[in-house]
Every structure is written in structure tokens, then in C-alpha cells.
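Structure record follows, encoded as C-alpha cells.
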Amino acid sequence: MIILSGGTGSPKLIDGLRQLIPDKEITVIVNTGEDIWSSEVFVSPDVDTVLYLFAGILDKTKWWSIVGDTYNTYNQMKELGQNEILMLGDRDRAVNLVRTHLMKNGQTLTEATAALVKGFEIQANIIPMSDDFITSVIETPAGKIHFQEFWVSQKGEPEILSFEYEGIENAKLSPAVIEALSREEHVIIGPSNPMTSIGPILALPEMKEILKTKKVIAISPIIGNAAVSGPAGKLMAAKGLEVSSKGVAELYKDFIDIFVYDIRDDVIDPAEIEAMGIQAVALDTMMTDEEKRADLAKEILKLFEMDFETVL
Ligand code: GDP
């Protein structure tokens, strides 16, 4: 079982899957399109969220950072006039320091992630989508800024003139991703931001072609005409896309078999999805607690016709 993931919507679904199948049967291909250098540390925010989820230390009220982390370093730096874009906690920073140290000593992001997986004694296979540095840049009326600055420092407020994945032209899927995809039949595209989380993974050469050979289920992060959370709607609109589940299905239509939308969605016309040659399935996708996350995961496994048992 492979799941393509960003750092919020898909990790919620993974949290549900973990209640049904053993971690060692889960492979997560993680977006690195939001990666950023911050105060000499290489931060891969979505990889970290997935690591902390499997390590059992993720703050599930925010879906980022380590639960109970302290901010002494961040605050001391701020006092000294260093305003960091990302609010890295002390333990979080330690993890990122280890990654940066390994990478500065010649390891790829994939190798450094594998070392962290081992360090946290995680059984799942967590692989960054690429070893090449790709980053999402937003053009605003005041100039180009990193996605993290747009979203974290400027609270998603600036007008978006355009946005792009810098570095994507020369980037490739990592060998580990290609290897994982070669041995797995079932792929879930989690309900992550189609622009900043799933978009970069799909933009890598070969990815869409490989997905066409798999059984793929995508879950919509949009209900009606708005994202459940985050800037997905604003980014889709900036790209001229319809902010709706249909708009998401349009992006994925060439390589998915089943499209899951929310039962509360009163804008979607499932016949329009079926007309794209995709099976449309309505489920409760609002993963507000552990039970709801497991319930949605259970329905997805049923759609794959997979055997599972509750492992908790
Ligand atoms: P990021 O890396 O932190 O931006 O997170 P993701 O891209 O993984 O997830 C953000 C997306 O998840 C947003 O577009 C939300 O609409 C979606 N999302 C968050 N929670 C839920 C949920 O419970 N259900 C569904 N369907 N979508 C969700």
C-alpha cells in the first residue's frame, strides 16, 4: 500500500490506516515541494510530519511539530533579532539538525530520512519524492516569496499572481520511489493540497505514467467550493482551476480509478466524474477524530478489496 502525502490531510488518513494494517505494510511517498533552508537547517516539513506521526510524537492538534515541544532556541534567536519563517521547536530543530548534518556529509535526502526512520524505530517505509531540491514559490504583487513565507509569515493573505515549483525542470523521482512503485499495486492519493503537496509529486517525470499502471484511489480535500483547511482553494483559483472536487478530479483524471468525495458535498455532480471514466464514491471524509480516520481508511481498503484487521 502506497500513499502520496503532504503534511495534513493525508497524514490524517495514514493515522486511520495505521489502526487497520501494520506499519511495515505502509509506504508513504512524501512531498518535498515545501522544503526550505531555515537558519542553516534543512527543513522538510511534510517528511517531518509523517516521521512524527509514525514515531507517535506528532502534535495532532496542529498536524505539525512534536507534541509538548519547547521553543527556547526559537525565542532566544528572536530576541537576538533573527526572525525565522518557521517556528521550529527544540526537538523538531534537533531532528532537522541531524538531517542537515547527514546531508552535508554526502547523504541524499532519502538516505537521511532512512536514518531518521531507523532512529525513531519506525516500521513504515517513508520516502521523500525526490532527492533534488524543489521548492514552491509564489509570485505576489510585492514580489516572489517562498510558499512557507506566504503561508506561515504572511498568513496566506497576499494576492497570488502565479506560483511555480522551482527546480522541477531538472528533478527526478528518487530511485527508492521508483522501486517502491514497482512492487506495489495499490496507491492512495490522500486528501492533500493538490497544488502544493500532490502537485509537485505528480510534476516529476514518469510519475503520472507509472500511476496509470496502478489501481489508484484519490480522496478530495475540497468540500463544496472550499478546502477543508489551508490555501488549496486560493492556489487552485490562481491557476484558473475550479475550486471544487470536480476541479480536483480534472487534475487527476488521467491516472485514477476511483475518486472519493465527501457526503456533505452538495456541489459535485457524480455523473460528471463518472463521465471522466472514474468511479465516484461518496464517503464521510471529515477525519476529525481517531475513529473517523479509521472509518475512512476502512472504506478505502474495502474499495481496494483488501483484507485487513484492526491492528490496535
Ligand atoms: P500541508 O502539507 O500541511 O499543506 O497539508 P496537506 O497538503 O497534506 O493537507 C492539506 C489539505 O488537506 C487541505 O487542502 C485540506 O482541505 C485537506 N484536509 C485536511 N483535513 C481534511 C479532512 O479531514 N478531510 C478532507 N477530505 N480533507 C482534509
Side-chain angles (χ1 to χ4, degrees), residues 1-11 13-14 17 25-35 44-47 49-50 108-111 113-114 124-137 147 163-222 232 235-236 239 241 245 247-260 273 276-279 300 303-304:
M1 160 76 52
I2 289 185
I3 177 158
L4 311 190
S5 182
T8 307
S10 305
L13 183 59
I14 297 168
L17 286 169
E25 289 175 24
I26 303 175
T27 293
V28 191
I29 296 176
V30 194
N31 172 47
T32 62
E34 292 171 28
D35 289 3
S44 192
D46 291 352
V47 171
T49 292
V50 175
T108 61
L109 178 59
T110 303
E111 288 165 343
T113 305
N125 190 16
I126 301 172
I127 29 182
M129 66 184 197
S130 177
D131 286 323
D132 301 308
F133 185 59
I134 298 144
T135 201
S136 300
V137 175
F147 171 73
F163 88 103
E164 57 189 296
Y165 311 131
E166 261 181 26
I168 202 81
E169 327 71 61
N170 301 314
K172 8 182 222 325
L173 292 171
S174 75
V177 167
I178 293 176
E179 197 273 325
L181 284 163
S182 74
R183 58 185 162 73
E184 294 278 358
E185 274 319 298
H186 301 94
V187 179
I188 299 172
I189 299 180
S192 280
N193 187 327
M195 300 284 104
T196 55
S197 294
I198 304 298
I201 307 178
L202 298 175
L204 289 164
E206 290 182 76
M207 189 66 197
K208 291 180 184 169
E209 291 307 312
I210 296 173
L211 288 179
K212 281 181 192 169
T213 68
K214 309 287 169 195
K215 177 142 190 186
V216 184
I217 300 180
I219 297 102
S220 181
I222 308 270
L235 289 158
M236 286 177 78
K239 280 273 176 200
L241 299 163
S245 285
V248 178
E250 290 275 5
L251 287 169
Y252 299 162
K253 68 180 176 201
D254 292 338
F255 45 82
I256 64 170
D257 301 283
I258 301 177
F259 184 74
V260 174
I273 308 296
M276 298 179 202
I278 302 163
Q279 186 187 343
I300 303 291
L303 288 171
F304 275 138

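These numbers were taken from a predicted model, which means no experiment stands behind them.
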Exercise. Roughly how far, to the nearest 0.5 Å, is CD1 of Ile188 from OG of Ser5?
Worked result: 10.5 Å

Exercise. Does the side chain of Ser197 pick up a donor-acceptor pair with the side chain of Ser192 at under 3.5 Å?
Worked result: no

Exercise. Of Val216, Leu202, Ile278, Leu211, which meets side chain to side chain contact (heavy atoms under 4.5 Å, CB included) against Tyr252?
Worked result: Leu202

Seminar exercise, completed: Contacts satisfying salt bridge (charged side-chain N to carboxylate O under 4.0 Å, His left out) that involve residues 200-212 (not counting sequence neighbours) are Glu209-Lys212

Exercise. Taking all non-hydrogen atoms of both residues, which atom of Lys215 and which atom of Phe304 are closest, and how far apart?
Worked result: O-CE2, 3.4 Å

Problem set entry | Any side-chain heavy-atom pair of Leu181 and Ile29 under 4.5 Å | yes

For this session: For the residue pair Ile178 and Lys172, establish whether any side-chain heavy-atom pair is separated by less than 4.5 Å.
Result: no

For this session: Measure the CG-CD1 distance between Leu109 and Ile127 for me, rounded to the nearest 0.5 Å.
Result: 11.5 Å

Problem set entry | Side-chain touch Leu303/Val260, heavy atoms, less than 4.5 angstrom | yes

Problem set entry | Smallest separation among heavy atoms of Gly6 and Val50, with atom names | O-CG2, 4.1 Å

Exercise. Measuring from Lys214:NZ to Glu184:CD, what's the distance to the nearest 0.5 Å?
Worked result: 8.5 Å

Exercise. Do you know which two heavy atoms are closest between Pro194 and Val248, and how far apart they sit?
Worked result: CG-CG2, 4.1 Å

For this session: Determine whether Ile210 and Val187 make a side-chain contact, defined as any pair of heavy atoms from C-beta on separated by less than 4.5 Å.
Result: no

Problem set entry | Audit row: Ile134, Leu204, side chain to side chain contact (heavy atoms under 4.5 Å, CB included) steps and yes/no | CA-CA 10 Å; Ile134 298 144; Leu204 289 164; 4.0 Å; yes

Problem set entry | Validation row: Phe147, Leu235 side chains within 4.5 angstrom (heavy atoms) | yes

Exercise. CG of Asp132 to CG of Leu173: how many Å apart, nearest 0.5 Å?
Worked result: 9.5 Å

For this session: Any chance you could measure Phe259, atom CZ, to Ser245, atom OG, to the nearest 0.5 Å?
Result: 4.5 Å

Exercise. For the side chain of Asn31 and the backbone of Pro200, is there at least one donor-acceptor N/O pair under 3.5 Å apart?
Worked result: no

Exercise. Do Pro191 and Ser220 have side-chain heavy atoms sitting under 4.5 Å apart?
Worked result: no

For this session: Kindly compute the distance separating CD1 (Ile14) from OG1 (Thr49), expressed to the nearest 0.5 Å.
Result: 10.0 Å

For this session: Flag the pair Glu111 / Asp131 as yes when at least one side-chain heavy-atom distance between them is below 4.5 Å, and no otherwise.
Result: no

Problem set entry | Shortest non-hydrogen separation from Glu166 to Glu169 and the atoms involved | C-OE2, 4.4 Å

Exercise. Can you find a pair of side-chain heavy atoms, one from Val30 and one from Pro128, that are under 4.5 Å apart?
Worked result: no

For this session: Could you verify whether a donor N or O on one side chain and an acceptor N or O on the other, from Ser44 and Asp35, lie under 3.5 Å apart?
Result: yes

Exercise. Any side-chain donor paired with an acceptor under 3.5 Å for Ser130 and Thr32?
Worked result: no

